[in-house]
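This report concerns only the one structure given below.
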Amino acid sequence: MDVSATDRILYENRRERLKALLAAEGLPALLVSYPANRFYLSGFELFDSQCNESVGWLVVTQSGPDALFTDARFTDAALRLWPQEDLCIYGAGRHAALAEFLKGRGVSALGFDPKAVSVYDHEALREHFGLTPAGGLVERLRLVKEPGEIELLRAACGLNHRIMRALPDVLVPGLTEAEAAWQIERLFREAGAESLSFPSIVGVDRNAALPHAIPGDTRISRDCLVLVDAGCRLNGYCSDQTRTFWVGREPSERFRETKRLVIAAQKAALEAIKPGVRMAEAYAAARRVFEDAGVANQFTHSLGHGIGLETHEGPSLSPRAEGEFRPGMVLTVEPGLYDAAWGGVRWEYMVVVTDEGCKAL
């Protein structure tokens, strides 16, 4: 698909912001090899073909033209969004081709992300360039979403709400977890989602005590709890929501009380999320609710995470989280309580940090 003039300007502006970071860090150029970062800066290919096969690299320079590198399979796709003079199509000798292209432009040193460059690629690149570890620079830009990104996330989240509202009619006695997960995926795709943002989690009763339960053959019964964590990708951006349902007649007293505590913890965390507040304070606010009820040992994961082009991205709302909330951050807030002998309850919202606090999407 051809990239609009508006999108071209968007990607150029993002690279200009990165160039300012490169100048501040004293880096002449940065090799961008992580797929989501490559897409964020160029619009080129959000995903690699597979985990051990890159579809291309981007090199952003501090002051000169930027360059995109890919193989012949993606020539036409690259030319729809990138000027031909700044495009290098490589074959088997990728590292040598990159070196020849960049050295012709006076680039002899590169920053790189240690989390996104393999040992193999590092060894090959250092034969040609001076290399400096420089992780997290693009992620620093992605922490705060642009207004357009927030609207795309709002749309993805809105579709997620629609599917969650339909689930009481889907989660019926006799259906297995795996069958329910398939029905959830079908609903998302029929409603216009490009894909799931992650494999749906469906846990019945004790299986709901597994925060990332894999749907299996356990069947929904009358009078049971079902935890569903599901999300979609819409226009490139992700959604992520969790609800815990009761199937059958009146919920058990334990289910009602556990759900009440989880929602109370979520409310406390939401009230703590404000610009300038330390991120770890949101986790602490939720945990205090559980501590007061004597169940804090059943809260076994972080409070939430950033979300955008990826389901899990910065920041992390863990007890050791560093930094402060800033307007424009989009986060999940998802406390939960889990007991292996009984089950679990989790409740999740996506929120955007505003000038005054936060607002659910």
Side-chain angles (χ1 to χ4, degrees), residues 150-205 207-215 218 220 223-235 237-248 251 255-256 258-267 269-270 301 303-308 310-312 330-338 343-352 358-361:
I150 292 172
E151 291 311 305
L152 290 171
L153 286 162
R154 192 187 309 278
C157 190
L159 180 52
N160 218 139
H161 283 304
R162 177 178 163 187
I163 301 309
M164 285 296 188
R165 286 194 296 267
L167 289 191
D169 294 328
V170 172
L171 304 174
V172 296
L175 201 68
T176 68
E177 295 166 335
E179 290 168 340
W182 168 243
Q183 292 298 323
I184 291 166
E185 181 170 1
R186 181 181 62 81
L187 288 171
F188 271 122
R189 294 302 296 264
E190 289 178 351
E194 297 154 17
S195 66
L196 298 180
S197 51
F198 56 93
S200 299
I201 296 166
V202 181
V204 172
D205 283 340
N207 292 343
L210 304 171
H212 280 192
I214 298 173
T218 302
I220 298 171
D223 297 328
C224 75
L225 67 87
V226 184
L227 185 151
V228 175
D229 188 345
C232 71
R233 186 178 294 278
L234 186 66
N235 297 313
Y237 281 78
C238 297
S239 67
D240 181 5
Q241 291 181 351
T242 307
R243 300 290 186 269
T244 309
F245 301 88
W246 183 264
V247 177
F255 178 84
R256 287 198 299 267
T258 304
K259 180 179 173 181
R260 184 191 70 78
L261 285 172
V262 168
I263 292 177
Q266 185 187 60
K267 181 180 179 183
L270 293 173
H301 52 68
L303 178 67
H305 51 82
I307 185 168
E310 299 175 286
T311 309
H312 284 193
V330 178
L331 318 157
T332 68
V333 181
E334 47 182 307
L337 292 173
Y338 311 94
V345 173
R346 182 163 70 251
W347 208 261
E348 178 179 14
Y349 284 166
M350 285 172 56
V351 304
V352 58
C358 71
K359 184 176 181 180
L361 293 178

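One is the number of the first residue; the rest follow in order along the sequence.
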Looking at [X] and [Y], what are the two nearest heavy atoms and their distance?
X	Y	answer
V202	A180	CG1-CB, 4.2 Å
D229	R346	OD2-NH2, 2.9 Å
P173	V247	CD-CG1, 3.9 Å
T332	M350	CG2-CG, 4.1 Å
F198	S239	CE2-O, 4.0 Å
H212	H312	CE1-CE1, 4.5 Å

Are N207 and T218 close enough that a side-chain donor and a side-chain acceptor fall under 3.5 Å? yes
Between V345 and L337, is any pair of side-chain heavy atoms under 4.5 Å apart? no
Begin from the C-alpha positions of F245 and M164 and carry the test side chain to side chain contact (heavy atoms under 4.5 Å, CB included) through to its verdict. CA-CA 10 Å; F245 301 88; M164 285 296 188; 4.2 Å; yes
Test side chain to side chain contact (heavy atoms under 4.5 Å, CB included), reference V228, set I163, I184, V170, output is I184
Rounded to the nearest 0.5 Å, what separation is found between the [atom1] atom of [X] and the [atom2] atom of [Y]?
X	Y	atom1	atom2	value
Q241	N160	CD	CG	4.0 Å
D240	I307	CG	CD1	5.0 Å
E151	L361	CD	CG	8.5 Å
C157	L152	SG	CG	13.0 Å
R243	L167	CZ	CG	10.0 Å
L227	W347	CG	CH2	9.5 Å

In this structure, are over 12 heavy atoms from other groups packed under 6.0 Å from R162 atom CZ? no
For atom CD1 of I263, is the number of surrounding heavy atoms from other residues, nucleotides or ligands below 6.0 Å larger than 12? yes
Looking at S197, is its backbone amide N or carbonyl O close enough to the side chain of T311 to form a donor-acceptor pair, meaning the two atoms are under 3.5 Å apart? yes
Backbone N/O of V333 and side chain of Q266: donor-acceptor pair under 3.5 Å: yes
May I ask you to say whether E194 pairs ionically with R233, meaning some side-chain N is under 4.0 Å from a carboxylate O? no
Sequence-distant partners of F255, ring-ring contact (aromatic ring centres under 6.0 Å, His included), two or more places apart: W246
